[in-house]
Protein chains: 2
Amino acid sequence: MYMKRTMEYGKKIKIILADDNFDHLLGIRELVNMETNCEVIATATNASIAINLVKKYQPDVVLMDINMPEKDGLTAINEIERLNLNTRVIALTGYDDPDLIFRAMKMGAKGYILKTMASAQLIYAIEEVMQGKIYLPSGLSSKFFEYFQKTFKEESNNASNEENLLQYLTQREEEVLELLTQGVTYKGVAQQLFISETTVKTHVNNIFQKLQVNDRTQAVLYAINNGFLNRKKLKMAI
Amino acid sequence: MYMKRTMEYGKKIKIILADDNFDHLLGIRELVNMETNCEVIATATNASIAINLVKKYQPDVVLMDINMPEKDGLTAINEIERLNLNTRVIALTGYDDPDLIFRAMKMGAKGYILKTMASAQLIYAIEEVMQGKIYLPSGLSSKFFEYFQKTFKEESNNASNEENLLQYLTQREEEVLELLTQGVTYKGVAQQLFISETTVKTHVNNIFQKLQVNDRTQAVLYAINNGFLNRKKLKMAI
DNA sequence: TGAGGTCTAAACCTTTAGATTAATAAACGG
DNA sequence: CCGTTTATTAATCTAAAGGTTTAGACCTCA
């Protein structure tokens, strides 16, 4: 499924622009077209149109303003990524808000540039992502990592939380809890573990005491918030 | 709480080295000490000792080999970060495994370098992180982002899952569900929303039907896995 | 061998959860 | 304006969950 995609000289890089500000649209198009290696093949003033254009033309690069009304640019990036085309999206915005950068990268953006940046950087970004690289200017990269680490700080504080009550569970109790986190009833747990329903209740009660909760919902929430599922490798640790 | 930390000329950058390989330890110390602006004030051959040394000397930079036996380097990085000192950790390893890079950054590493890299890069990395920057060489940065985006791909596929059943909930039902995700009982919900317990049960039943689940645990799991909490801004969207 | 922990199970009881049905009021379309 | 839908409210009844106590079988470690 992997398609090699180096810059083929002679063929221009096909670009689609999406920006709700018409003046910006024209300006950027002008700028990009000046670069002989690039060609803006279509423009859109909202995200929905942009997505349709991408489906139709399958461009090399999409420059997506992520501050658009209605369907926002971030969602649009995600939808384009999920098309699994060979299209790279570069997020374009006026703000260097860390959360925005983080979410854009999360959605699959291959680059992120500010409208206030020098125009040469835009061309450079296009060339970089065309080579399969990620383009994040140094300043934005720092913001991204700051935000990234801040986001995971609480989690790791919780996950290795002084006293993680999950550690006191026995193997059997972990097995029961794992089934509880899947929404299985006592009867279901009993059948899957080949024990009686009353035994399940005993285990569950012990779990409640150890986790200091009163019911299964709270137990499940505790388990999820304290890395139980991660440990079980049911889901990638985030 | 923010302390400005620029390079103060005249004062050497205090560095602690942690590497279980004694030869590497000597080599890196030699290398770092050659840089007149740097000084290795202590070395450790395992993570536990390293952490104690950090507590004692509060160095500017820790070069941490993350492939050590017993307590692994990644956990050590996390523990050092949680000390909230002004110490920056640079991960040091022989492998450019994306997962390793991702986890190191998650734990709070400010830089990541390979032992195979040119020695000059090590010095450069130290200087960069001392300026508050993140040091990730281009190649490793790409690996990081690839991994980052791959990790979040599934999640966003779920989150904006064609048909997110959460969208069919009424406002009242959302209020009820929000309380359910906190492990509140029917009685508790009734008191908080000033309605009768039986009314709560009706809402809950409607929620079950709309989310196509059979009990509150499954409803809560559905809500969590489909971005309900994120939307409610109770928790940072990851 | 005896103390302690785990896993199993049962009886008995209280509380909560879940299913069904239905009344009221607001919103909407023709 | 009236029938239709939808949201919200509510009562009743059954099933499931949860609390408590007791106890036997098994294993381990001192």
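Every chain is numbered from 1, with letters handed out A, B, ... down the list of sequences. Quick caveat: nothing in here was measured; it's all calculated off a predicted structure.
Note that the two end axes of the helix from dT1(C)-dA30(D) to dG30(C)-dC1(D) enclose an angle of 40°, each drawn from 5 base pairs, rounded to 10 degrees.
The residue Thr170(B) sits close only to the backbone: its heavy atoms come under 4.0 Å of sugar-phosphate atoms, none of a base. Using a 4.0 Å heavy-atom distance criterion, Thr198(A) is classed as a base contact. Residue contacts for Thr185(B): at a heavy-atom cut-off of 4.0 Å it reaches the sugar-phosphate backbone alone, with no base atom in range.
Note: CD (Glu175(B)) to C1' (dT8(D)) measures 11 Å, nearest angstrom. The nearest whole Å value for the distance from the CG atom in Leu180(A) to the P atom in dA16(D) is 16 Å. In this entry the distance linking CD of Gln191(B) with P of dT16(C) reads 10 Å, nearest Å. Following rounding to the nearest Å, Leu193(B) (CG) and dA10(D) (C1') show an atom-to-atom distance of 15 Å. In this structure, His203(B) places its NE2 atom 12 Å from C1' of dT6(D), rounding to the nearest Å. With rounding to whole Å, Tyr168(B) atom OH is found 16 Å from dT6(D) atom C1'. Summarising the geometry, the separation between CD on Glu173(B) and C1' on dT8(D) is reported as 9 Å, rounded to the nearest angstrom.
By the 4.0 Å N-to-carboxylate-O rule, Lys110(A) lies close enough to Glu81(A) to be salt-bridged with it. Salt bridge Lys150(B)/Asp99(B): absent, no basic N to carboxylate O contact under 4.0 Å. Taking a cutoff of 4.0 Å between a charged side-chain nitrogen and a carboxylate oxygen, Glu79(A) and Arg82(A) do not qualify as a salt bridge.
Between Val184(A) and Ile195(B), the residue whose closest nucleotide on DNA chain D is further toward the 5' end is Ile195(B). When each of Leu169(B) and Glu197(B) is assigned the nucleotide of DNA chain D bearing its nearest heavy atom, the one mapping closer to the 5' terminus is Leu169(B).
The shortest distance between side-chain heavy atoms of Asp65(A) and His24(A) does not fall below 4.5 Å.
When distances run from any side-chain atom of Lys201(B) to the nucleotides dG18(C), dA17(D), dT8(D), the shortest one goes to dG18(C). Considering only side-chain atoms of Lys187(B), the nucleotide from dT9(D), dT16(C), dA11(D) that sits closest is dT16(C).
A pairwise comparison of heavy atoms in Thr87(B) and Gln58(B) identifies OG1-C, 4.0 Å as the closest pair.
Counted within 6.0 Å of CZ on Phe208(A), heavy atoms from surrounding residues, nucleotides or ligands total more than 12; the atom is thus considered enclosed.
Lys201(A) pairs by the salt bridge (charged side-chain N to carboxylate O under 4.0 Å, His left out) definition with nothing, not counting sequence neighbours. Not counting sequence neighbours, Arg29(A) has no partner by the salt bridge (charged side-chain N to carboxylate O under 4.0 Å, His left out) test. Residues meeting the salt bridge (charged side-chain N to carboxylate O under 4.0 Å, His left out) test with Asp96(B), sequence neighbours left out: Lys143(B).
When atom types are taken as modelled, the side chain of Gln149(A) and the backbone of Ala109(B) share a donor-acceptor pair closer than 3.5 angstrom.
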Fill in: Under 4.0 Å protein heavy-atom contacts per nucleotide of nucleotides 21-30 of chain D, with B for base, S for backbone only and - for none
----------
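Remark: Arg216(B) qualifies as a cation-pi partner of Tyr186(B) under the 6.0 Å distance and 45° angle criteria applied to the six-membered ring.
For the OP1/OP2 pair of dG18(C) and a distance below 4.0 Å, the side-chain nitrogens and oxygens of Tyr186(B) include at least one atom meeting the criterion.
Using a 4.0 Å cut-off on heavy atoms, the residues of residues 204-216 of chain B that approach DNA chain C are Asn205(B), Phe208(B), Asp215(B), Arg216(B), listed by number.
No side-chain N or O of Thr199(B) forms a donor-acceptor pair with one of Thr202(B) less than 3.5 Å apart.
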